[in-house]
Asks: 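After the structure tokens below, expect a handful of questions from me.
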Amino acid sequence: MTEPLLVATDVVKSFGPTKALDGASMSVRRGEVVAVMGPSGSGKSTLLHCIAGIIQPDSGTVTYAGQELSAMPDGPRSALRRTDFGFVFQFGQLVPELTCLENVALPMRLGGTRRKVADAKAREWLDRLEVGDVADKRPGEVSGGQGQRVAVARALVTGPSVVFADEPTGALDSLNGEHVMRLLTSAAKDTGAAVILVTHEPRVAAYSDREVVVRDGHTRQVEFA
Ligand code: ADP
Ligand code: MG
């Protein structure tokens with residue numbers, strides 16, 4: 001077994017009087033797809049945000065590739081997030097004023113990649129996610145499933161080590177949801193990216209290698225046979 005890439009240990013996080021996480025732990029290895037399951041309000045998104053370094057836990061540690069993310073200052077932590085992590089949310093993540101191609105090219109352009117190179121790579125990823133035909137449309141002009149596949153292309157285009165997906169199929173019907181999951185997991189396996197997949201749908205979690213169940217801010221690890 002290889003060393004885990006990302007490890008969260010005993011993470012505690014409160015929002016005012018609400019203890020969203022009360023000692024949550026999980027890990028993911030390179031290339032592994034881990035589903036984070038649990039009822040609404042159980043702390044799944046908070047756990048994902050803590051693991052991705054978007055919010056700082058009150059206590060506990062998050063370690064990524066041997067570096068303690070939870071002890072890093074904001075600047076280096078967000079720089080690392082941009083270079084090493086990709087994100088897919090339920091909806092609303094694409095910039096409405098940009099075309100789908102420009103949306104996928106955006107993270108590369110922000111990283112200083114030349115327009116021509118970024119556009120070519122964006123086009124390649126749109127094709128890979130089977131949405132090459134919507135390249136010049138704006139997000140408001142494409143279907144929900146197409147939009148999520150554009151979002152997956154954008155999350156993967158920079159070659160992240162970890163993709164964080166929070167209810168990526170939550171706004172889709174089951175056929176479109178499965179299509180997104182099939183393409184997301186196969187692209188991640190091809191590139192070697194790990195995926196942390198938050199979902200409350202067993203049919204979506206079925207695309208994972210392993211499950212972590214969150215209940216009232218606590219985690220339970222489920223090993224598949
Ligand atoms: P899940 O993703 O499993 O539905 P969340 O992690 O979003 O659960 O929320 C866990 C708990 O923390 C809930 O009680 C929620 O209302 C609360 N919570 C989450 N984020 C915030 C926030 N920014 N401010 C206040 N309460 C929050
Ligand atoms: Mg959530």
Side-chain angles (χ1 to χ4, degrees), residues 1 4-11 13 18-52 54 62 85-93 128-131 143-156 160-225:
M1 276 285 208
L5 178 62
L6 194 45
V7 186
T9 310
D10 283 330
V11 171
K13 180 71 189 178
T18 306
K19 204 163 208 177
L21 291 177
D22 190 13
S25 300
M26 68 172 285
S27 66
V28 63
R29 295 172 195 282
R30 282 183 202 283
E32 191 181 34
V33 181
V34 178
V36 178
M37 302 276 296
S40 180
S42 58
K44 303 182 297 297
S45 293
T46 305
L47 179 59
L48 182 136
H49 293 153
C50 285
I51 296 176
I54 295 172
V62 178
F85 298 165
F87 293 89
V88 184
F89 299 106
Q90 188 168 345
F91 40 50
Q93 58 212 302
R128 198 159 171 176
L129 273 297
E130 300 174 7
V131 277
S143 74
Q146 288 171 329
Q148 283 307 79
R149 283 183 273 136
V150 173
V152 170
R154 193 182 62 170
L156 283 159
S161 301
V162 187
V163 177
F164 296 86
D166 195 351
E167 307 277 6
T169 64
L172 306 179
D173 61 45
S174 61
L175 210 65
N176 275 304
E178 300 220 6
H179 192 192
V180 167
M181 286 313 303
R182 212 162 46 238
L183 293 170
L184 166 60
T185 50
S186 75
K189 292 284 176 195
D190 287 351
T191 61
V195 180
I196 297 180
L197 166 68
V198 167
T199 181
H200 62 271
E201 295 176 82
R203 203 176 32 228
V204 173
Y207 286 86
S208 70
D209 301 313
R210 188 160 63 78
E211 289 178 12
V212 175
V213 178
V214 187
R215 201 167 285 270
D216 298 329
H218 297 280
T219 44
R220 186 164 58 81
Q221 320 296 318
V222 181
E223 294 296 339
F224 292 159

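By convention here, the first residue in the shown sequence is residue 1.
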Asks: Minimum heavy-atom separation for P160 to A155, with atom names?
Replies: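 Between these two residues, the closest heavy atoms are CG-O, 3.2 Å.
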
Asks: Counting only heavy atoms not in R128, do more than 12 sit closer than 6.0 Å to its CZ atom?
Replies: yes

Asks: Would you give the length of the straight line joining atom CG of L129 to atom CG of L184, rounded to the nearest 0.5 angstrom?
Replies: 8.0 Å

Asks: Using the rule side chain to side chain contact (heavy atoms under 4.5 Å, CB included), only one of I51, V34, V33 pairs with V28; which is it?
Replies: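 Output: one option passes, namely V34.
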
Asks: So, do I196 and V163 sit near enough that their side-chain heavy atoms are less than 4.5 Å apart?
Replies: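 They are not in contact (no side-chain heavy atoms under 4.5 Å apart), so the answer is no.
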
Asks: How long is the span from the CD1 atom in I54 to the CG atom in L48, to the nearest 0.5 Å?
Replies: 6.5 Å

Asks: If you define the side chain from C-beta out and look only at heavy atoms, does anything of V36 sit under 4.5 Å from L197?
Replies: no

Asks: Please report the shortest heavy-atom distance between L156 and A187, naming the atom on each side.
Replies: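 Answer, listing the atom of L156 first, then A187: CD1-CB, 3.7 Å.
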
Asks: Under the 3.5 angstrom rule, does the side chain of Q148 hit a backbone N or O of P168 as a donor-acceptor pair?
Replies: yes

Asks: Taking C-beta and beyond as the side chain, do S40 and H200 meet within less than 4.5 Å on heavy atoms?
Replies: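 No, their side chains stay 4.5 Å or more apart.
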
Asks: Give, for atom CE of M181 and atom OG1 of T169, the distance between the pair rounded to the nearest 0.5 Å.
Replies: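 So the CE of M181 and the OG1 of T169 are separated by 7.0 Å.
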
Asks: Can you find a pair of side-chain heavy atoms, one from R210 and one from S27, that are under 4.5 Å apart?
Replies: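 Touching, per the 4.5 Å side-chain cut-off.
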
Asks: What do the steps show when you test V195 against E32 for side chain to side chain contact (heavy atoms under 4.5 Å, CB included), and what is the final call?
Replies: CA-CA 6 Å; V195 180; E32 191 181 34; over 6 Å; no

Asks: Please check this pair: side chain of T219 against backbone of S25, looking for a donor-acceptor N/O pair closer than 3.5 Å.
Replies: yes

Asks: Are the side chain of K44 and the backbone of E167 linked by a donor-acceptor contact shorter than 3.5 Å?
Replies: no

Asks: Please work out whether the ring planes of F164 and F87 are parallel, tilted or perpendicular, with thresholds of 30° and 60°.
Replies: parallel

Asks: Tell me if the CG atom of D216 is crowded by more than 12 foreign heavy atoms within 6.0 Å.
Replies: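 No - once you tally the heavy atoms of other residues, nucleotides and ligands closer than 6.0 Å, there are 12 at most.
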
Asks: Could you walk me through whether V222 and V213 pass the side chain to side chain contact (heavy atoms under 4.5 Å, CB included) test, one step at a time?
Replies: CA-CA 7 Å; V222 181; V213 178; 3.7 Å; yes

Asks: Can you check whether E130's main-chain N or O pairs, donor with acceptor, with R149's side chain at less than 3.5 Å?
Replies: yes

Asks: Is a donor on one side and an acceptor on the other found under 3.5 Å between the side chain of T18 and the backbone of A20?
Replies: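 Between the backbone of A20 and the side chain of T18 there is no qualifying donor-acceptor contact (under 3.5 Å).
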
Asks: So, are D209 and K189 salt-bridged, with charged N and O less than 4.0 Å apart?
Replies: yes

Asks: Keeping H218 on the side-chain end and D22 on the backbone end, is there a donor-acceptor pair under 3.5 Å?
Replies: yes

Asks: Check whether any side-chain N or O of K13 sits under 3.5 Å from a backbone N or O of K19 as a donor-acceptor pair, and report yes or no.
Replies: no

Asks: Does S45 offer a backbone N or O that forms a donor-acceptor pair with the side chain of H49 under 3.5 Å?
Replies: yes

Asks: Side chains of M37 and V214, heavy atoms from C-beta outward: is any pair under 4.5 Å?
Replies: no

Asks: Can you tell me how far CD of E178 sits from CG of D173, rounded to the nearest 0.5 angstrom?
Replies: 10.0 Å

Asks: Of all the heavy-atom pairs spanning R203 and A206, show the shortest one and how long it is.
Replies: O-CB, 3.5 Å

Asks: Please examine the side chains of V180 and V152, heavy atoms only from C-beta on, and report whether any two atoms are closer than 4.5 Å.
Replies: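 They are in contact (side-chain heavy atoms under 4.5 Å apart), so the answer is yes.
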
Asks: Search all heavy atoms of L172 against all heavy atoms of G145 and return the closest pair with its distance.
Replies: CD2-N, 3.5 Å

